[in-house]
Structure formats: C-alpha cells, structure tokens
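Read the structure below first, then the notes.
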Amino acid sequence: MLDMLILAEKASAAKHMAKAFGGTSGTVAGKTYKIVHAHGHLMEFKDPEKMVKTDAEKERYSSWSDMKTMPWNQADFSWAKTYAKSYNSYTKKSKSTRDDVNAIKSEAANADAILIATDNDPSGEGDLLGWEIVNAIKWNKPVYRIRFADETPKSLNQAMHSMVEITDQFKQGEYLKSDARSKWDFLSMQLTRISTYAARQAGYRVKVINQGRLKSVIVLKIWQQQQLIDQYVKTPYYEAKFKDPAGHIFARSLKDDEQKQAARFAAEKDGQAEVDKYTKSPVTNIKRQHKTQAPGALIDLAKLGSILAKQGFNSKEVLATYQKMYEAEIVSYPRTEDKKITQEQFNELLSVVDAIAQVVGANQQLLTHRSLRSKHRATEAAHGANRPGVKVPSSLESLSKYGPSAQAIYRTLALNYLAILGEDYQFDRVTAELKLYPDFKTGFNVPVQLNYKAIFDDNDSDDDSNSVSDVVGPEAEPFVYQGANPKPTRPSADWIGKFLEKHNIGTGATRLGVQAQLTSGKNAFIKDQKGFYTLTQPGTIAAVLVRDSWIGSPNITKQLFDHMDEVGKLNESPAIVVNSATRVIEHDLPIILKNSRELTQFVGKQVKATKKYAAKPKTKGQLTNGKAVEFSSTWGGHKFTEGEIQQLLAGQVISFAAKSKAGKAYTASGMLKEQTYKGKKFWGFKADFGKK
DNA sequence: GCAAGGTC
C-alpha cells in the first residue's frame, strides 16, 4: 500500500519531482509515494443545457435567440464537469482526457492519500485543477497539499516536509476563489449569445460575436483608439525655443494647459513675434552628473511576442515554436507569470551562460556581474521568468527545426537574460540653462559605458542622444519651434500587452493566447500586420456592441479579483462573487441591444453572407395539438408550397422533387418531426429514406 | 456556436 499519490500539474513537473525524490516511486519524507501527472485542467464544465434538469430548463439554456431566457439563474446549474478535450496544435488532434483521469484513478486505488502538488498560482488555478481530478475520481480519503518555491530538488524536498492537510475542499480559500472565478467566466458566455443575436437582428449575418473579460476589453480598446486616430486633427503650434551651435534645444517645461496656452501660438507670425522678444543668450549653470542604470526586468511571453511581431512573426507561430523548444528543454517554461528568478534558478544557469553567449554571439567579456541583483530575485518563482534552459543548442541554425521564429526566440531570450549579467549602464546627465532666461533649460544623457545595453536593449528608454555632442553652449539663439498635438498611438500587440498588464488582466501567456485567438481563423476579429492591429468587420461589430458596457471595461476584472481575494481569505461567500456575473448580464444586455441599433453607423454595409451562415427562411405554424412550431421553409433545394406546409402541420406525409448534396435529383417523402442536432431539439422536415 | 484558465 502506498502512503501517497503525488499529483503533479504536468509532465515536466513530474519529471523534476522524480529527479528530486529519487524516482517516479519510492520513499520521501518518511512516506512511500508514486508520482502521477495531469496536463493542466483535465475537467471542464458541461454545456449549460447539460447542467440543468427539466426539459423546460434545457430549452431555456439552449437558446441563442430568446433574450427573455437571460440572465441565467446560476442556482439552476449543477456545475457538473466533464472530461476536457485537449487539442494539440501541431498534431491538430483533439482528444478526451478520460484516459488520463482513469489512469490517475487506478493508481489512486493503491494509495492512502493524494498529495496535490500542482503549481501554486496566485489565482488558485493549481488548486482548482487538482481538486477537479480528486473529485472526478470520487476520492474520499485524505488530501494534502504542498507548495514549492521552484522545481529545483532542494525546494521540492523542502516542500515535502511542510505539507498540509486540506481534505475539506470547501474550507480551502485557494480552491474556493478559483472555482468562483471559473463560474463567473462561464456565466459571461451569455454575452456572446446576446451579442451574436444582436448583430443578426441588426442584419449582420455573422458567425459568433465572442465577448468576455479579455476579448471585449481588447477589441473595445482597439476600436476606441481607432476612433481617436480617425478623429485626430493635426493642430500645429509655434513656440519660442533656443538652440546652441551643437543643436541642443532649450525650452521651458510647460506643466499644464494654462502654461501651454500662454507659450504656444496657432499662427506662425505670432510665434515669430514671440521669438522677436528674445535675444541670443549665453549658456550657464552647466552640470554634469554621473548616473547608472541596472538592467531592466526579464521579459514575459507577451513582451517577447510583441518584440518578435516587429520582426514579422505572428503570435500563434511564436507560441507553438516556443512550446516545442520548451519540450526540448532549450528554453524555460513558457506560460509562467514570473518576471523574476530564484537564487537556485540563477545558480543552475550560471555554469552555461558562457556557452549561451557563444551561441548567440554576445560579448562574453561583458558578462562580469555574476551575482543576482535583488531587482531580478524572487524568493518564490515556480518556473521563473522566461529564459534560456540549461540545455544549450549547438548553434542558432540548429534551432530551425522547431519553427520559423525559433532562432529569433532563442536570441531574444538569451540576450535579455545575459543582460542581467552585465554591469550597470553608465552615463552622464548633462543639464544647462540660459543666463538671460533661466526658465529655458536643456538636458540630455551622454553614454559613458554601455555595459548591459551592449548586450540587450529593449529600446524602451526614450533617450537616443547618442549622436548628440556633449559640448553645450557657449550661447543659444532663439528660433520658432513648430510642434503639434501628438497623434494617438497606433494599436499594436505591444500596446495592448502593456494595457492589459497595467490593468492586471490575464497572465503573460493568456494575454498572448487571446491575441493569437483574435488574430487567427476565418472569424478573426483583429488583423495583425507586423504587430500592428486593425479590427476586421466582425471585430468592429464586437467592439461597438460593448460600448459603455461593463464587460468591455478593465475595471470588471479588477473588481472580480478583489472579491476573489476576499473569498480566498474566507471573508466573503463565493456565491456573492458568482452572482456578480449575473448583475453584469443584467446591466449589459439592454446596452448591447441598444448598441446594435447603431451598428450601421460604425460598421457600414453588412458582412457578405456566406452560404454557411446565411439565415435560413423559417415557416411558423401550429400543429393539430395547438403547439406552435417553427421550421425551415426549404428542404433539399425545394421550397414548400402553402399546401405542403398545411399538410406538414397536419402531420401528413408529403412527397416532392428534391436534389441531393451531390446534385442528384430524386423524390423525397417524409413528414414534419421533432429532431435533435448536437443535443439540441428542433422541428423540421424529416425524409423517410426507407420508403422513397 | 459561447469564457478564461490551465495544458500540449
């Protein structure tokens, strides 16, 4: 008999645990164990109509077109889960997780306790996916939990000595808050049904108009920015500034609109008149201050995606290629939320940094800072920030087999990591002012030693004074400076990434994932051109529909997360959080319907109807028992005549000339019947092929 | 046909 079945989140974690404990089974911390692993969530909610009991409820929760069925009553749902379908993007195969769950179940039969050893995500996701499996196998013996700082042997062994019992899942905050989050998001799917209905009502023959906490916020933000760009009118202004012989500009710092208005003129002649009030002035108070700057943070997946987007790689391909490189252990775990690394992780990589530098062509003599700066160090980082792996490729070229962006991924990751082994950037900050007009000042940086910047510079800093002479003065002349109100930024992958990060929406991985989703497929909402985003027609529809809604606001995620934290601390009931989703639907439903009436104004002509999504004409009528039914008015290329419709409603068999999909003509016989398609009931003509 | 969160 086993003491303990250790449940890891994924294969790589199970492998690290086996290495740390001395095999996939054995003895650790005085207990016999066996390690098994999931691969993320193995279970997911059933469809809404399969989580309710009565026929009336099933009908209500199947509807995409009756707005009176929403908001849903979450108390109607059993919240039952089913085996997830896992889709492998490079074999392009979808497979049920049933076998994985059963395999864990049979191993568990020999154990006294299950140890949930999934990731310790701040959102509680690891706890949720662990409990999903424990519940799915109907486990009713003790459950324990470990949380580890990282997956190095030292940290994993330490964790084994501080496991806690969590057998009552309803008292475990991490589980409760994550469960509430998943129910909230599930309920938000109503907004997709509402939006799809609203767009069709407005005459747009769309496929599905997806909405959710991430999707809606992204498309709305892009649309609003596009509006700002479209409405932008360049308004030049003329302002008095000074210039010295080397070209340094001396200007006043204009803090608010009032100051700007006083100093800037709409007409060039007024600007010139202002300039004429000044004379040439000596430069004075020249100060030179030595400054240093440490390397920036390690990049996350969304940032990597945006850097590579500029080089022409799309996010979907980057994600797939990164995953393959991770499986080959050439790069660290992709979907991390960590932006820092632990001391252990730093030490692990230290012995191979010179080899990495050689592969990517970095100057090894710059890698002198061999200790971990506190700004890059975390005490806990399950996977650590995105970085090269311990396995070093023989050359950049050898990486090509992983995908088109493989070399660029490795180069970027490696240089970004190696930069933290460089010394601080050193520069002089030079400032000066005018003797006659001390309000006019200049300031610029003169690089002294590039150090880490010579290894990797993500170009986020706006000082590009490299080419400017550091000789200031001796005097400066007034001139008319022509400026203009700034043009709004073009929406881009980088810009959206920063926006989502600022509002704490999604993780680095899900941010990139959602952007990949929105930019690919036939129903793409976003067109991606080297990282620059524009909305497609369905994307514009999605955005216009959620104007002034709650789902389109970044604030909704903030509120959800704030309340989740309270659930996590057992201060608030999960039901209250889940119910807040219902209030969002209540609020947004009428707004989306109202917005749909303004679609033509912003979207223009309707989407070209494709055969697949063209609305089929429907006939309404009453059966002999009085039941009202609606059914397609055509079948097999034949349009039912008024007489045939009456016969069908009366329950009679009719025959007519039809055409098969292959175009072959034949006589179809049959009657009106209630049928089922993909679990949903509908009325329609049903041919009796046996008697034809 | 629907979400977002894990995973491959």
Side-chain angles (χ1 to χ4, degrees), chain A residues 8-14 37-49 61-65 70 72 84-95 97 100 118-119 121-133 177-197 199-200 206-218 319-327 333-337 382-383 500 505-511 513-514 517-518 521-523 538 542 551 556-557 560-561 564 581 584-585 612-613 677-680:
Chain A
E9 182 156 327
K10 51 184 171 284
S12 63
H37 70 84
H39 40 264
H41 286 283
L42 297 184
M43 307 298 290
E44 64 187 16
F45 287 127
K46 292 181 175 178
D47 287 339
E49 61 271 23
Y61 291 108
S62 300
S63 175
W64 281 68
S65 54
M70 288 176 255
W72 293 342
K85 278 182 205 63
S86 61
Y87 177 74
N88 184 319
S89 61
Y90 29 98
T91 62
K92 300 205 160 112
K93 279 182 187 156
S94 185
K95 143 180 181 306
T97 56
D100 305 278
T118 51
D119 293 352
D121 314 298
S123 60
E125 211 62 35
D127 295 79
L128 175 61
L129 77 89
W131 276 112
E132 281 169 352
I133 296 162
K177 75 173 179 185
S178 189
D179 183 58
R181 197 278 310 148
S182 70
K183 287 172 179 166
W184 196 105
D185 282 325
F186 185 87
L187 291 171
S188 74
M189 74 164 63
Q190 292 171 81
L191 296 160
T192 294
R193 292 187 180 186
I194 294 166
S195 295
T196 305
Y197 167 80
R200 289 178 186 173
V206 294
K207 193 187 176 200
V208 172
I209 300 300
N210 308 261
Q211 305 285 9
R213 274 194 297 121
L214 269 83
K215 293 183 168 99
S216 304
V217 167
I218 293 171
L319 278 173
T321 302
Y322 199 125
Q323 172 70 20
K324 285 185 214 168
M325 291 166 74
Y326 154 65
E327 283 165 24
Y333 180 69
R335 293 169 289 274
T336 182
E337 288 186 60
H383 309 287
L500 295 175
I505 303 176
T507 62
T510 50
R511 287 197 287 269
V514 170
Q517 237 181 61
L518 291 172
K522 280 192 185 132
N523 196 37
I551 197 67
I556 208 79
T557 289
L560 174 61
F561 283 20
M564 275 168 61
V584 174
I585 311 298
K612 197 171 170 190
Y613 306 116
Y677 180 70
K678 287 191 177 171
K680 284 174 194 167

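Labels below follow one simple rule: chain letters A, B, ... track the order of the sequence lines, proteins then strands, and each chain is numbered from 1. Quantities reported herein were computed from a predicted structural model and do not represent experimental measurements. No hydrogens, no waters, no symmetry mates; every other heavy atom, side chains included, goes into these values.
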Out of B:dA3, B:dA4, B:dG1, minimum distance to the side chain of A:F186 belongs to B:dA3
Between B:dG6, B:dA4, B:dC8, which one does the side chain of A:Q323 approach most closely? B:dC8
Taking the side chain as every heavy atom from C-beta outward, state whether A:D185 and A:F45 have any pair of such atoms under 4.5 Å apart. no
Has A:W64 got its ring stacked on B:dG1, by the test of a centre gap below 5.5 Å and a plane angle below 30°? yes
From the list B:dC8, B:dG1, B:dC2, which nucleotide is the closest neighbour of the side chain of A:P48? B:dC2
Which is true for A:D119 with a 4.0 Å heavy-atom rule: it touches a base, it touches only sugar-phosphate, or it touches nothing? sugar-phosphate
Shortest side-chain distance from A:F45, nucleotide among B:dA3, B:dG6, B:dC8: B:dA3
A:A84 to A:H41 - nearest heavy-atom pair and separation: CB-O, 4.0 Å
Assuming nearest nucleotide by heavy-atom distance, tell me which of A:H41 and A:T196 is located more 5' along DNA chain B. A:T196
Please pick, from B:dA4, B:dG1, B:dG6, the nucleotide with the shortest atom-to-atom distance to any side-chain atom of A:L214. B:dA4
A:K95 bridged to A:D100 by N-O distance under 4.0 Å: yes
Heavy atoms under 4.0 Å, any strand shown: does A:E44 hit a base, just sugar-phosphate, or nothing? nothing
Base, sugar-phosphate, or nothing: which does A:S188 touch, judged by heavy atoms less than 4.0 Å apart? sugar-phosphate
Minimum-distance nucleotide to A:H39 side chain [options: B:dG5, B:dT7, B:dC2]: B:dT7
Between P of B:dA4 and CE of A:M564, the distance in whole Å: 14 Å
To the nearest angstrom, the CD1-P distance between A:I218 and B:dA4 comes to 8 Å
Mind checking A:E9 for me? I need base, sugar-phosphate or nothing, with any heavy atom below 4.0 Å counting as a touch. sugar-phosphate
For A:A11 and for A:T192, find the nucleotide of DNA chain B with the closest heavy atom, then tell me which residue's nucleotide is more 5'. A:T192
Quick one: A:D121 CG to B:dG5 C1', roughly how many Å, whole number? 9 Å
When you measure from the side-chain N and O atoms of A:N210 to the phosphate of B:dA3, is any distance below 4.0 Å, counting only OP1 and OP2? yes
So if I take every side-chain heavy atom of A:D185 and compare against B:dG5, B:dC2, B:dA3, which nucleotide ends up nearest? B:dA3
Below 30° counts as parallel, above 60° as perpendicular, anything between as tilted: where do the rings of A:Y333 and A:Y326 land? perpendicular
To the nearest Å, give me how far apart CD (A:E132) and C1' (B:dG6) are. 9 Å
In whole angstroms, how far is the P atom of B:dG1 from the CD1 atom of A:I194? 19 Å
It should be established whether A:K207 places a side-chain nitrogen or oxygen under 4.0 Å from OP1 or OP2 of nucleotide B:dG1. no
At under 4.0 Å, does any side-chain N or O of A:R335 touch on OP1 or OP2 of B:dT7? yes
Output the rounded distance in Å from CG (A:L500) to P (B:dG5). 10 Å
Kindly point out which of B:dG1, B:dA3, B:dT7 is positioned nearest to the side chain of A:K215? B:dA3
Whole-Å gap separating C1' (B:dA3) and CD1 (A:I585): 10 Å
Atom CH2 of A:W184 to atom C1' of B:dC2: distance rounded to whole Å? 14 Å
Would A:K177 and A:D127 pass as an ion pair if we require N to O under 4.0 Å? no
Validation row: A:W72, A:I585 side chains within 4.5 angstrom (heavy atoms): no
